[in-house]
Amino acid sequence: MGRERRPWAAAATAAVLLVASCVAAAPPQQHQHARISGDAGGVLDDNPVGKLKVFVYEMPHKYNQMLLSKDSRCLHHMFAAEIFMHQFLLSSAVRTLDPEEADWFYTPVYTTCDLTPQGFPLPFRAPRIMRSAIKYVATTWPYWNRTEGADHFFLTPHDFGACFHYQEERAMERGILPLLRRATLVQTFGQRNHVCLQEGSITIPPYANPHKMQAHLINPGTPRSIFVYFRGLFYDMGNDPEGGYYARGARASVWENFKDNPLFDISTEHPSTYYEDMQRAIFCLCPLGWAPWSPRLVEAVVFGCIPVIIADDIVLPFADAIPWEQISVFVAERDVPRLDSILTSIPLQDILRKQRLLAEASVKQALLFHQPARPGDAFDQVLNGLARKLPHGKGVFLQPGEKVLDWAAGLESDLKPW
């Protein structure tokens with residue numbers, strides 16, 4: 001895409017070159033001295049072993065293994081954490097085979113393995129699958145009925161958590177699956193003041209393949225010569241033909257305001273050098289789409305590209321452990337037209353500090369679901385999040401005969417057997 005250099009951009013371009021040269025000249029070990037300050041810094045290194053015990057329900061294979069064997073593509077999409085979390089827990093030191101000593105109960109259900117021919121998770125059957133799994137647990141073991149799920153956790157990594165729908169209107173219409181109301185949801189979706197975000201949920205990152213990213217690492221001394229980088233949709237004409245509703249217009253605003261700006265390397269094309277390009281960029285745009293997040297947030301952190309988060313009211317992964325304010329730049333959706341002036345006005349020392357914190361191994365590790373698992377990775381962060389919710393508060397264990405949940409609640413289509 002051709003770009004015409006504008007006169008006002010000369011000073012900003014000089015700043016880019018200064019930042020790139022300073023970053024390239026920084027000693028590789030320098031980031032080791034840039035410690036994360038505040039309470040969050042130490043949480044990343046917490047070891048969950050000994051802090052909680054998890055009982056893993058053994059479910060009929062139709063809820064997990066049969067779905068996986070039917071379509072192995074669900075091992076590779078951004079919702080794969082529900083599969084890898086199950087595999088991890090089966091051999092984890094926090095697992096207990098005695099449910100009487102368990103702090104938490106986990107039901108392995110692979111709702112995102114129900115895929116379209118194009119490889120997208122079907123949201124339509126997921127509530128029925130989950131409801132059926134809960135009924136099986138409640139009628140096979142006594143533990144669900146003691147608390148009606150208040151000491152149970154579920155992975156619900158759909159775009160909109162337990163709403164199980166990628167279109168916000170339909171998601172809000174459906175609402176949180178009533179039978180999961182007391183349970184803890186471990187979900188990728190995080191947006192404050194939204195019906196699909198249940199209080200007490202643990203927000204996790206989407207799955208991004210660690211091995212694939214490792215294979216694309218370049219020399220850490222490579223200058224960061226790209227000021228702002230983004231690859232992705234600006235309009236979703238298939239689902240939003242009139243434009244403006246997708247990403248609440250934020251992505252469209254990025255394109256309309258900066259498509260000809262020489263500081264912005266933005267396009268809908270997805271080159272084979274995508275990962276390498278992120279490592280040559282100073283800022284990586286992470287705007288909302290249909291949901292507030294995407295895997296590029298994880299990719300930006302792993303590749304040391306400062307995330308520019310454009311998603312009002314986003315709840316970020318492991319926000320009580322990862323110091324997002326220190327490693328990112330937040331831009332309000334309404335301020336997108338001023339994105340160039342906002343980013344060029346950030347002092348050089350602030351950019352360098354963010355880059356050094358991004359280089360911390362603990363920050364990168366916390367966002368990755370490694371196979372096999374590694375200390376401090378996303379699996380540990382989930383367990384630490386569960387451990388921090390202990391001991392269970394008053395009201396978790398119900399009195400004999402006490403009921404809270406209504407099994408008849410929900411859309412009629414969700415009540416059908418699966």
Side-chain angles (χ1 to χ4, degrees), residues 48-72 74-75 79-115 121 125-158 161-162 164 177 179-187 202 204 207 369-373 378-380 382-383 385-387 389-390 392 396-398 405 407 414 416-418:
V49 176
K51 297 180 180 178
L52 75 167
K53 292 182 182 295
V54 177
F55 181 79
V56 180
Y57 286 119
E58 186 170 339
M59 303 292 292
H61 285 178
K62 73 172 185 175
Y63 294 106
N64 41 58
Q65 296 302 323
M66 285 179 62
L67 290 168
L68 177 58
S69 61
K70 175 184 172 184
D71 199 331
S72 62
C74 54
L75 281 168
F79 308 120
E82 69 176 352
I83 301 169
F84 296 130
M85 192 74 197
H86 181 203
Q87 296 174 350
F88 164 75
L89 284 172
L90 289 178
S91 58
S92 172
V94 305
R95 183 189 182 191
T96 177
L97 300 179
D98 180 4
E100 294 296 340
E101 68 174 13
D103 301 297
W104 289 101
F105 294 81
Y106 167 63
T107 303
V109 186
Y110 299 171
T111 59
T112 64
C113 269
D114 192 14
L115 303 179
R125 292 201 301 174
R128 290 171 57 198
I129 296 173
M130 185 67 79
R131 183 183 182 87
S132 173
I134 295 171
K135 186 173 183 179
Y136 178 82
V137 165
T139 55
T140 306
W141 291 274
Y143 308 105
W144 171 274
N145 297 315
R146 297 187 313 185
T147 67
E148 290 198 311
D151 55 354
H152 288 57
F153 71 94
F154 296 82
L155 264 75
T156 56
H158 271 279
F164 298 114
L177 186 67
L179 293 185
L180 289 175
R181 184 162 57 87
R182 285 175 59 83
T184 290
L185 303 184
V186 179
Q187 57 185 55
I202 296 175
I204 63 173
Y207 174 74
F369 293 93
H370 284 287
Q371 289 86 51
F379 296 115
D380 272 4
V382 171
L383 294 180
L386 292 169
K389 294 168 72 71
L390 297 175
H392 293 299
V396 166
F397 291 92
L398 304 179
L405 302 180
W407 280 85
D414 289 349
K416 296 178 180 178
W418 180 75

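- A distance of 8.5 Å separates CG of Leu89 from CG of Leu155, quoted to the nearest 0.5 Å.
- Residues Val186 and Phe154 fail the side-chain proximity criterion, which asks for heavy atoms closer than 4.5 Å.
- One distance of note links SG of Cys74 with OH of Tyr110; it measures 8.5 Å at 0.5 Å rounding.
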Met85 vs Leu383, side chain to side chain contact (heavy atoms under 4.5 Å, CB included): CA-CA, chis, key distance, verdict
CA-CA 10 Å; Met85 192 74 197; Leu383 294 180; 4.1 Å; yes
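- Val382 is listed as a side-chain neighbour of Ile204, based on a closest heavy-atom distance under 4.5 Å.
- Taking every heavy atom of both residues into account, Phe105 and Pro99 meet most closely at CZ-O, 3.4 Å.
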Chi angles and distances behind the side chain to side chain contact (heavy atoms under 4.5 Å, CB included) call for Ile129, Val109
CA-CA 8 Å; Ile129 296 173; Val109 186; 3.6 Å; yes
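- The CG atom of Leu179 sits 6.5 Å away from the CH2 atom of Trp144 when rounded to the nearest 0.5 Å.
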Trp104 and His392: side chain to side chain contact (heavy atoms under 4.5 Å, CB included), yes or no, with the steps?
CA-CA 10 Å; Trp104 289 101; His392 293 299; 3.5 Å; yes
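- Residues Ile202 and Leu185 form no side-chain contact, since every pair of their non-hydrogen atoms from C-beta on lies 4.5 Å or further apart.
- The aromatic rings of Phe84 and Tyr207 are tilted relative to each other, their planes meeting at an angle between 30° and 60°.
- Judged purely by atom type and a 3.5 angstrom limit, Arg182 has no side-chain atom pairing as donor or acceptor with the backbone of Gly149.
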Donor-acceptor list for residues 53-62 side chains, cut-off 3.5 Å, not counting sequence neighbours:
{"unit_1": "Tyr57", "atom_1": "OH", "unit_2": "His152", "atom_2": "NE2", "d": "2.7"}
{"unit_1": "Lys62", "atom_1": "NZ", "unit_2": "Trp418", "atom_2": "O", "d": "3.1"}

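- More than 12 heavy-atom neighbours from other residues, nucleotides or ligands sit within 6.0 angstrom of NZ on Lys51.
- Annotation for Phe164 and Pro127: closest pair CD1-CG, 3.6 Å, computed over non-hydrogen atoms.
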Would Tyr106 and His86 count as a side-chain hydrogen bond (donor to acceptor under 3.5 Å, both in side chains) here? Give the steps.
CA-CA 9 Å; Tyr106 167 63; His86 181 203; 5.1 Å; no
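- Between the CD1 atom in Ile83 and the CD atom in Gln65 there is a gap of 8.5 Å [rounded to 0.5 Å].
- By the side-chain hydrogen bond (donor to acceptor under 3.5 Å, both in side chains) test, Asp71 pairs with Arg73, sequence neighbours left out.
- Counting only residues at least two apart or in different chains, salt bridge (Lys or Arg N to Asp or Glu O under 4.0 Å) contacts with residues 100-114 comprise Glu100-Arg146, Asp114-Arg125.
- Judged purely by atom type and a 3.5 angstrom limit, Thr140 has no side-chain atom pairing as donor or acceptor with the backbone of Val137.
- Of all non-hydrogen atoms in Glu82 and Pro157, the two that sit nearest each other are OE1-CD, 3.7 Å.
- In this structure, OG1 on Thr111 lies 4.0 Å from NE2 on His158, to the nearest 0.5 angstrom.
- In this structure, the side chains of Asp151 and Lys389 stay at 4.5 Å or more apart for every pair of heavy atoms.
- Glu148 places a side-chain N or O within donor-acceptor distance of the main-chain N or O of Leu405, the cut-off being under 3.5 Å.
- Here the shortest heavy-atom pairing between Thr96 and Asp98 reads OG1-N, 3.1 Å.
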Walk me through whether Val49 and Ser92 qualify under side chain to side chain contact (heavy atoms under 4.5 Å, CB included).
CA-CA 9 Å; Val49 176; Ser92 172; 5.8 Å; no
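- We find the CD1-OG1 distance between Ile134 and Thr139 to be 11.5 Å, quoted to the nearest 0.5 Å.
- Between the side chains of Tyr63 and Thr107, no donor N or O sits under 3.5 Å from an acceptor N or O.
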